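This is a predicted model, so every value here is computed, not measured.
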Amino acid sequence: MKIYDLSQPLNERSSFWPYYPPFEVKYIKRKAEHGVNAQYIMTSNHMGTHLDAPRHFVTAGKTIDELPLEWLCGPGVIVDLRDEMDELAVYTPQMIEKRVDVKRGDILLLHTGWHTYADFGATPDEERYYHYHPGAHPDMVPWFLEKQIHVWGVDCVSTDHPMNLPIGRFLGKGAHGHCDRVRAKAEKKFGAAAMKQLFPDEAYQLTHNALFPKDCIHIENLGGQIDAPELQNKRLIVGCFPWKFKGGEAAFSRVVAFVGEWKI
């Protein structure tokens with residue numbers, strides 16, 4: 001069996017969700033002085049490869065330590081959508097189903113190619129990664145529920161489209177104007193009429209608000225070896241391994257794909 005790491009690196013260089021606190025790390029002991037190296041970190045949960053638990057959007061929702069283990073490791077697929085993804089693209093159930101057979105209860109990982117723009121990607125571009133990434137079409141919500149999927153993930157900063165996030169609605173309004181630039185590009189891409197259908201006011205943070213109450217959660221910021229040719233549009237075993245964070249609304253995770261037979 002071969003194991004593939006689908007996680008992004010994380011350290012103090014990593015960019016973070018706008019207006020969230022950054023990742024901070026420092027040595028509190030050093031080998032020369034104390035005989036041991038030890039570090040202290042302070043960070044939000046929502047950077048790097050991480051799993052959101054229902055508690056992130058549901059007051060009494062499951063926390064990280066309450067997630068059933070069978071949700072976190074099992075049969076799944078990696079879907080290569082790169083040929084249809086560009087700035088502000090939307091992915092649909094039809095795009096997925098024409099590439100691979102998704103079974104009920106699968107762990108579903110979407111490969112858009114956007115991880116290449118992350119801090120440690122091949123062509124890092126922080127604004128492109130955060131402001132113009134692909135996102136879910138509204139049709140994804142009923143499709144996930146029909147497929148009884150508990151965990152899915154994407155190699156973007158969010159599963160939601162920028163026009164359903166602060167970056168496309170209000171971030172920088174009256175200051176840096178980020179949202180105005182994102183909206184202008186989206187209107188040019190989709191047209192004003194289509195914008196109202198794709199991104200209505202009630203669809204704000206759609207995949208979070210509509211799916212988390214149904215125990216359908218997601219991984220954000222996938223990367224690592226997700227480009228490996230042998231993983232594309234294939235059924236395999238997927239594992240998402242967060243730390244057992246009691247009460248956690250999210251947690252950093254190591255996400256891996258297992259291919260082949262386990263040989264001892």
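- For the residue pair Tyr4 / Glu230, a side-chain donor-acceptor distance below 3.5 Å is found, with atom types taken as modelled.
- The shortest side-chain heavy-atom distance between Tyr132 and Asp86 does not fall under the 4.5 Å cut-off.
- Judged by distance alone, with hydrogens and angles left aside, the side-chain atoms of Gln197 form no donor-acceptor pair with the main-chain N or O of Ala193 at under 3.5 Å.
- Leu206 contributes atom CG, which lies 6.0 Å from atom CG of Asn164 (distance to the nearest 0.5 angstrom).
- Electrostatic pairing of Arg235 and Asp101 does not count as a salt bridge here, judged by no charged N lying under 4.0 Å from a carboxylate O.
- Remark: Cys240 SG to Leu72 CG distance equals 6.0 Å, nearest 0.5 Å.
- At a threshold of 4.5 Å between side-chain heavy atoms, the hydrophobic network of Ile, Leu, Val, Met, Phe, Trp and Tyr places Ile78 and Tyr91 in two separate groups.
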side-chain contact (heavy atoms from CB on, under 4.5 Å) between Thr116 and Tyr129, intermediate numbers included: CA-CA 8 Å; Thr116 60; Tyr129 187 69; over 6 Å; no
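- Leu109 CG to Asp155 CG: the interatomic distance, rounded to the nearest 0.5 Å, is 9.5 Å.
- Closest approach of His133 to Pro162, counting heavy atoms only: O-CD, 3.1 Å.
- With contacts defined as side-chain heavy-atom distances shorter than 4.5 Å, the pair Glu97/Lys147 qualifies.
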Audit row: Phe252, Thr49, side-chain contact (heavy atoms from CB on, under 4.5 Å) steps and yes/no: CA-CA 6 Å; Phe252 301 134; Thr49 304; over 6 Å; no
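- With hydrogens and angles ignored, the 3.5 Å screen pairs a side-chain donor or acceptor of His34 with a backbone N or O of Arg30.
- His178 and His176 have parallel rings, their planes meeting at less than 30° on a 0 to 90° scale where 60° marks the start of perpendicular.
- No continuous path of hydrophobic side-chain contacts links Val259 to Phe241 [ILVMFWY only; heavy atoms under 4.5 Å].
- Side-chain N or O atoms of Thr112 include none that pairs as donor or acceptor with a backbone N or O of Met85 at under 3.5 Å.
- Hydrophobic cluster membership is shared by Ile167 and Met195, with clusters built from Ile, Leu, Val, Met, Phe, Trp and Tyr side chains linked at under 4.5 angstrom.
- Judged by the 6.0 Å and 45° rule, Lys2 forms no cation-pi pair with Phe258.
- In the model, His208 has a side-chain atom that pairs as donor or acceptor with a side-chain atom of Asp160 under 3.5 Å.
- Leu110 and Ile226 get closest at one heavy-atom pair: O-CD1, 4.4 Å.
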Criterion side-chain contact (heavy atoms from CB on, under 4.5 Å) on Ile237 and Val256, from CA distance to verdict: CA-CA 8 Å; Ile237 301 298; Val256 298; over 6 Å; no
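- Phe190 contributes atom CZ, which lies 6.0 Å from atom CG of Leu198 (distance to the nearest 0.5 angstrom).
- Summarising the geometry of Leu88 relative to Ala186, their closest heavy-atom pair is CD1-N, 3.6 Å, with the distance given to 0.1 Å.
- Side chain of Ser253 to main chain of Ala251: a donor-acceptor pair is present (N/O by atom type, distance under 3.5 Å, no hydrogens or angles).
- The salt bridge (charged side-chain N to carboxylate O under 4.0 Å, His left out) pairs that include a residue from residues 172-183 are Lys173-Asp180, Arg183-Glu187, where partners are two or more places apart or lie in different chains.
- A distance below 6.0 Å separates the ring centres of His218 and Phe212.
- Inter-residue side-chain proximity for Asp215 and Pro54 is flagged as met; some heavy-atom pair is nearer than 4.5 Å.
- In this structure, Asn221 contributes its side chain and Gly48 its backbone to a donor-acceptor pair below 3.5 Å.
- Within a 6.0 Å sphere centred on CD of Gln94, heavy atoms belonging to other residues, nucleotides or ligands number more than 12.
- Between the Glu12 side chain and the Glu24 main chain, no donor and acceptor come within less than 3.5 Å of each other.
- Listed for the Asn233 side chain is no donor-acceptor partner under 3.5 Å among the backbone atoms of Arg99.
- With hydrophobic clusters built from ILVMFWY side chains whose heavy atoms lie under 4.5 angstrom apart, Trp114 shares a cluster with Trp17.
- Judged purely by distance below 3.5 Å, without hydrogens or angles, the side chains of Gln8 and His115 never pair a donor atom with an acceptor atom.
- Residue Ile28 qualifies as enclosed at atom CD1: its count of foreign heavy atoms under 6.0 Å is above 12.
- Using a 4.5 Å heavy-atom threshold, the side chains of Thr159 and Glu220 count as touching.
- Ion pairing between Glu66 and Lys246 fails under the 4.0 Å rule for side-chain N and carboxylate O.
- If you take OG1 on Thr92 and NE2 on His137, they are separated by 7.0 Å, rounding to the nearest 0.5 Å.
- The environment of Lys214 atom NZ is sparse: at most 12 non-hydrogen atoms of other residues, nucleotides or ligands sit within 6.0 angstrom.
- Looking at Arg104, its side chain never comes within 3.5 Å of a backbone N or O of Gln148 through a donor-acceptor pair.
- No donor-acceptor pair closer than 3.5 Å links the side chain of Asn209 to the backbone N or O of Phe57.
- Salt-bridge formation is detected for the pair Arg254/Asp5: a Lys NZ or Arg NE/NH1/NH2 atom is positioned less than 4.0 Å from an Asp or Glu carboxylate oxygen.
- Side-chain rings of Phe199 and His161 approach one another, their centers coming within less than 6.0 Å.
- The side-chain heavy atoms of Ile219 and Val154, taken from C-beta on, include no pair separated by under 4.5 Å.
- Between Arg169 and Leu171, the closest side-chain pair of non-hydrogen atoms is not below 4.5 Å.
- Two residues are said to be in side-chain contact when any heavy atoms from C-beta on lie closer than 4.5 Å; Ile64 and Lys244 fail this criterion.
- Hydrophobic cluster membership is shared by Val102 and Leu145, with clusters built from Ile, Leu, Val, Met, Phe, Trp and Tyr side chains linked at under 4.5 angstrom.
- You'll find the side chain of Tyr130 reaches within 4.5 Å of the side chain of Pro18, heavy atoms only.
- For the pair Ile217 and Ala53, the tightest heavy-atom approach, listed with the atom from each and the gap, is CG2-C, 4.0 Å.
- Taking 4.0 Å as the cut-off between side-chain N and carboxylate O, Asp227 and Arg82 count as a salt-bridged pair.
- A salt bridge does not link Glu249 with Lys62: none of the charged nitrogens is closer than 4.0 Å to a carboxylate oxygen.
- Taking CZ of Phe144 as the start and SG of Cys216 as the end, the distance is 5.5 Å to the nearest 0.5 Å.
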Stepwise side-chain contact (heavy atoms from CB on, under 4.5 Å) test for Cys73 and Val238: CA-CA 6 Å; Cys73 189; Val238 179; over 6 Å; no
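- Taking each heavy atom of Ser15 and Asp119 in turn, the nearest pair found is OG-OD2, 2.7 Å.
- The shortest heavy-atom contact between Phe120 and Ser14 is CE1-OG, 3.5 Å.
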